[in-house]
Amino acid sequence: MDQPAAYRAPTPEEAVGQYGDTVYRLAYAKTGSLADAVDIYQDVFLRYLRTRPAFESPDHAKAWFLRVTLNCMKSFWGSSFRRRTVPLDETLPTEDNPSEGSKESYLRRLPEQYRAVIHLFYYEDLPTAEIARLLRRRETTVRVQLMRARQMLREMMEKEDG
C-alpha cells in the first residue's frame with residue numbers, strides 16, 4: 001500500500017502569507033485593538049520560527065496557528081504589564097475605533113468569549129466541533145455561546161435601529 005506524500009511545512013514567508021490574515025483577524029476579534037492584535041501576531045510567528053513544527057496537512061497547520069494564537073492571547077491577557085495598564089477614558093476616532101453601527105463595533109461590544117466563537121464560526125468557517133477543540137470547550141458550550149452571541153448582536157442592532 002502506497003503511503004501519501006508527506007506534507008511540507010511552509011517556510012516562514014509562506015506561513016505569513018497563508019495564515020497571517022487568519023492569525024491577525026482572530027487576535028483582533030479577541031482583543032478589539034489593532035496594536036494588541038499586532039503584538040499577538042508577532043508572537044505567533046516568532047513561535048513558528050523558533051519551533052518549526054511538523055504538520056500532517058494544511059488543516060493541521062491552520063489548527064496549529066489558531067491554537068497558538070489563542071495561547072498567545074491567554075499569555076497576553078495574563079501578563080503583569082497588561083494587568084497594570086489602564087484604558088484611556090476618551091474615545092479617539094481611529095481605525096482601532098470602528099464607527100458606531102458597523103459590524104466591527106457590534107462585535108467589539110460582545111464579551112470576549114463570544115467574540116472568539118463568532119469569529120471562528122463565521123470568519124474562519126470552522127464547524128462547532130473544531131471550535132470546541134481549539135477553545136478546549138465542550139461542543140454544546142460552543143453552540144450555546146453562538147446562540148447567545150447571535151441574540152446579543154440582534155438585540156444591539158434592534159436597539160440602535162429603534
Side-chain angles (χ1 to χ4, degrees), residues 1-79 81-82 85 94-99 101-150 152-153:
M1 182 161 125
D2 293 328
Q3 290 190 358
Y7 174 73
R8 182 186 65 81
T11 65
E13 294 81 15
E14 291 170 340
V16 169
Q18 290 174 345
Y19 305 107
D21 288 344
T22 299
V23 167
Y24 178 78
R25 285 190 315 257
L26 178 58
Y28 182 72
K30 294 265 291 180
T31 64
S33 164
L34 293 174
D36 294 342
V38 168
D39 288 345
I40 291 166
Y41 175 95
Q42 291 173 353
D43 286 345
V44 169
F45 286 101
L46 280 173
R47 286 187 188 191
Y48 181 71
L49 278 172
R50 288 184 188 129
T51 61
R52 295 303 297 263
F55 302 121
E56 298 167 5
S57 67
D59 288 341
H60 183 222
K62 182 177 181 179
W64 185 91
F65 280 100
L66 290 171
R67 181 76 250 157
V68 170
T69 303
L70 293 168
N71 289 341
C72 285
M73 283 187 283
K74 282 183 185 177
S75 298
F76 172 77
W77 289 117
S79 75
F81 170 78
R82 183 74 183 163
T85 59
T94 65
E95 192 177 330
D96 213 11
N97 181 19
S99 65
S102 72
K103 185 171 38 173
E104 290 81 17
S105 75
Y106 292 125
L107 291 175
R108 285 185 60 189
R109 286 188 267 166
L110 286 175
E112 182 269 327
Q113 67 191 27
Y114 298 122
R115 283 195 311 259
V117 172
I118 288 286
H119 177 81
L120 291 170
F121 187 79
Y122 288 106
Y123 292 94
E124 301 305 328
D125 202 29
L126 294 177
T128 55
E130 181 68 13
I131 295 169
R133 192 180 67 72
L134 284 169
L135 297 177
R136 296 188 175 127
R137 298 178 186 158
R138 291 189 171 135
E139 197 172 340
T140 55
T141 302
V142 169
R143 285 196 295 271
V144 167
Q145 288 176 333
L146 274 170
M147 180 188 67
R148 288 180 181 162
R150 289 180 193 123
M152 287 178 191
L153 288 169

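Screening residues 137-149 for salt bridge (charged side-chain N to carboxylate O under 4.0 Å, His left out) gives E139-R143 as the qualifying pairs, with residues at least two apart or on separate chains. Residue pairs meeting the salt bridge (charged side-chain N to carboxylate O under 4.0 Å, His left out) criterion with at least one member in residues 9-24, sequence neighbours excluded: R8-E14.
A63 and E130 make their closest contact through CB-OE2, 3.8 Å (heavy atoms, listed as atom of the first residue, atom of the second, distance). The minimum heavy-atom distance between I40 and C72, with the atom names listed, is CG2-CB, 4.0 Å. For T31 against A37, the heavy-atom pair with the smallest separation is OG1-N, 3.9 Å. Between I131 and L126 the shortest heavy-atom distance is CD1-O, 3.6 Å.
Side-chain contact between P111 and M152 is present, with heavy atoms from C-beta onward closer than 4.5 Å. The side-chain heavy atoms of L70 and L26, taken from C-beta on, include a pair separated by under 4.5 Å. At least one side-chain heavy atom of Y24 sits under 4.5 Å from a side-chain heavy atom of L34. Using a 4.5 Å heavy-atom cutoff, the side chains of E124 and R25 are in contact.
For the atom pair CG of N71 and CH2 of W64, the computed distance is 9.5 Å after rounding to the nearest 0.5 Å. Taking CG of L153 as the reference point, atom CD1 of I118 lies at 5.5 Å (rounded to 0.5 Å).
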Notebook entry, point to check: Between Q113 and L135, does a side-chain contact (heavy atoms from CB on, under 4.5 Å) hold up when you go through it step by step?
Noted result: CA-CA 10 Å; Q113 67 191 27; L135 297 177; over 6 Å; no
Next item on the list: Please step through side-chain contact (heavy atoms from CB on, under 4.5 Å) for the pair Q145 and F121, ending with a clear verdict.
Entry: CA-CA 11 Å; Q145 288 176 333; F121 187 79; over 6 Å; no
Note to self: Is there a side-chain contact (heavy atoms from CB on, under 4.5 Å) between R108 and Y28? Walk through the geometry before answering.
What the structure shows: CA-CA 9 Å; R108 285 185 60 189; Y28 182 72; 3.9 Å; yes
Show me the side-chain donor-acceptor pairs of residues 43-53 shorter than 3.5 Å, one per line, residues at least two apart or across chains.
{"residue": "Y48", "atom": "OH", "partner": "P10", "partner atom": "O", "Å": "2.3"}
{"residue": "T51", "atom": "OG1", "partner": "R47", "partner atom": "O", "Å": "2.8"}

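Here D59 pairs with nothing under the side-chain hydrogen bond (donor to acceptor under 3.5 Å, both in side chains) rule; sequence neighbours left out. For Y19, the ring-ring contact (aromatic ring centres under 6.0 Å, His included) partners two or more places apart in sequence, or in a different chain, are F65. Looking at residues two or more places apart in sequence or on another chain, you find a ring-ring contact (aromatic ring centres under 6.0 Å, His included) between Y123 and H119.
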